[in-house]
There are 2 protein chains.
Amino acid sequence: MTRARIVETATRLIDTEGVAALTMRRLGAALDVEAMSLYRYVNGREDLLEAVVDALVDSIEIPAASDLQPVDGWQAFLQVLAHNVRQVAIEHPAAFPLIATRHPAAPWLRPPLRSLRMVEAFLTGLEARGFSQRQAVGAYRSFTSFLLGHLLLEAAMQGAPLAPAEEPLDEGDAHVPNRDAELDVREFPTVARLRRPLAEDHTDEEFETALEHLLVRLDLENAQ
Amino acid sequence: MTRARIVETATRLIDTEGVAALTMRRLGAALDVEAMSLYRYVNGREDLLEAVVDALVDSIEIPAASDLQPVDGWQAFLQVLAHNVRQVAIEHPAAFPLIATRHPAAPWLRPPLRSLRMVEAFLTGLEARGFSQRQAVGAYRSFTSFLLGHLLLEAAMQGAPLAPAEEPLDEGDAHVPNRDAELDVREFPTVARLRRPLAEDHTDEEFETALEHLLVRLDLENAQ
DNA sequence: ACCTGAACACCGTTCAAGT
DNA sequence: ACCTGAACACCGTTCAAGT
């Protein structure tokens, strides 16, 4: 029994059954131990969640110089890093929101790159590829905002089936928000008309093109 | 006692004491009523949270034609809308993450514009200002991603003081993540060096320039 | 019609006690 | 050194009973 093992199975429990299902007692059971034993390794539930987040962030692979072609510059660095973060988000759709939601220790540790190790690697990575100090810091800000927006949306859409369909109240049936199939064409004609294009899933291209645009933007700012 | 009043005080409770403090029993007490009474108006805690989110989303002001100058086009529409969403996020820093985290009813209801009314207004607003169907849908996607990333980061940074400082474990003191003041210069030299620029708060300009860039990008895509 | 008391199952957490 | 039983305070939720 180690803290690492606890964090591991906690992460798995979250990913398979949702954050709400992560209970000290259930986690204990999953580890064949009583809940109270966990308090030897973990400072309560909050500390456990924090540890899960830290482990997830630490599992993001940072592209080393050897991973990239010698000709590649910062663009390749950010490209690869972005996809590595995305991979973690996709692998842990239920746990990823925790990364976004829990307040980081310092105000400049921005999710999802919210660890000192991560920030250090990011900044040195960009400075090594020609960014000035201000440019590197600015890129850290834009890059994190970009990742958070896209990946949280992606994760939220994945987790949908986990939420048990809720029954509407008996009373007030009149104003239950319309679900999927039954859409009030009178009240929302435009949504009804654009139903098809709205329903299409373009997550991959969206991420790709938004990333591309961010890189262009950074390039322009650096040239100025 | 109405559902609206319940949702209202629930929102206030969340904003002042955090989501974890929103308990059926405490909410009841805040309304001078036993917790069980709430079940007449609300289908359990989950339904209540959903209602809080819906109310927040509905409170976002959508710029009407009369709010804008006649010469203003879609750019002004998106500018004003973006700032209105941001205002709600800033007024409810603790509640805003709920908007981002809870799965919307339909996969194309993207936070933070996650209501039919909102999507309808957004799409008609853009179509009325010259967007094609595809362009309007594309803009809905980029715009929501942009808002989510920026506003969630902003909200997360605001809420920081709410989180009670956690004591590190007695054992394993060696690898407690360094907090603010005591930063290991050896291990994280670049972060230490860029300490100053990193600590600066540029939330406003960031939002402004990122929004500006998004508008430019949409303009380019529309021209193609 | 609206509120409540009592009850149940399930939490997080502490601590003295076991091995 | 590590795990546990018992206990406490606090949850969400149901339902029969009150007014």
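Computed from a predicted structure; not experimentally measured.
If you check the side chains of A:E208 and A:H83, you find a donor sitting under 3.5 Å from an acceptor.
Classification of A:E50 and A:R114 as a salt-bridged pair holds, one side-chain N sitting under 4.0 Å from a carboxylate O. Between A:E187 and B:R117 there is no salt bridge, since none of the side-chain N atoms of the basic residue sits less than 4.0 Å from a carboxylate O of the acidic one. A salt bridge between A:R102 and A:D54 is absent, with no side-chain N of the basic residue lying under 4.0 Å from a carboxylate O of the acidic one.
Residue A:L56 is tested with A:L98, A:I99, A:V7, A:I14 for a side chain to side chain contact (heavy atoms under 4.5 Å, CB included); the sole match is A:I99. No option in B:L81, B:D204, B:I60 other than B:D204 meets the side chain to side chain contact (heavy atoms under 4.5 Å, CB included) test with B:R86.
As a whole-Å value, the separation of A:D47 CG from C:dG12 C1' is 14 Å. Rounded to whole Å, the distance from CG on B:N43 to C1' on D:dG12 is 13 Å. When the C1' atom of C:dG12 is taken as reference, atom CD of A:E46 falls 11 Å away, rounded to whole Å.
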* Could you write nucleotides 1-11 of chain C as a row of B, S and -, 5' to 3', where a protein heavy atom under 4.0 Å of any base atom gives B, of only sugar-phosphate atoms gives S, and otherwise -? -> -BBBBBB---B
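Using a 4.5 Å heavy-atom threshold, the side chains of B:P111 and B:T144 count as separate.
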* Which nucleotides of DNA chain C pair, in dot-bracket form (Watson-Crick or G-U under 3.5 Å, | meaning another strand) -> ||.|||||...|||||.||
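Atom CG in B:L153 sits 5.0 Å away from atom CG in A:L148 (nearest 0.5 Å).
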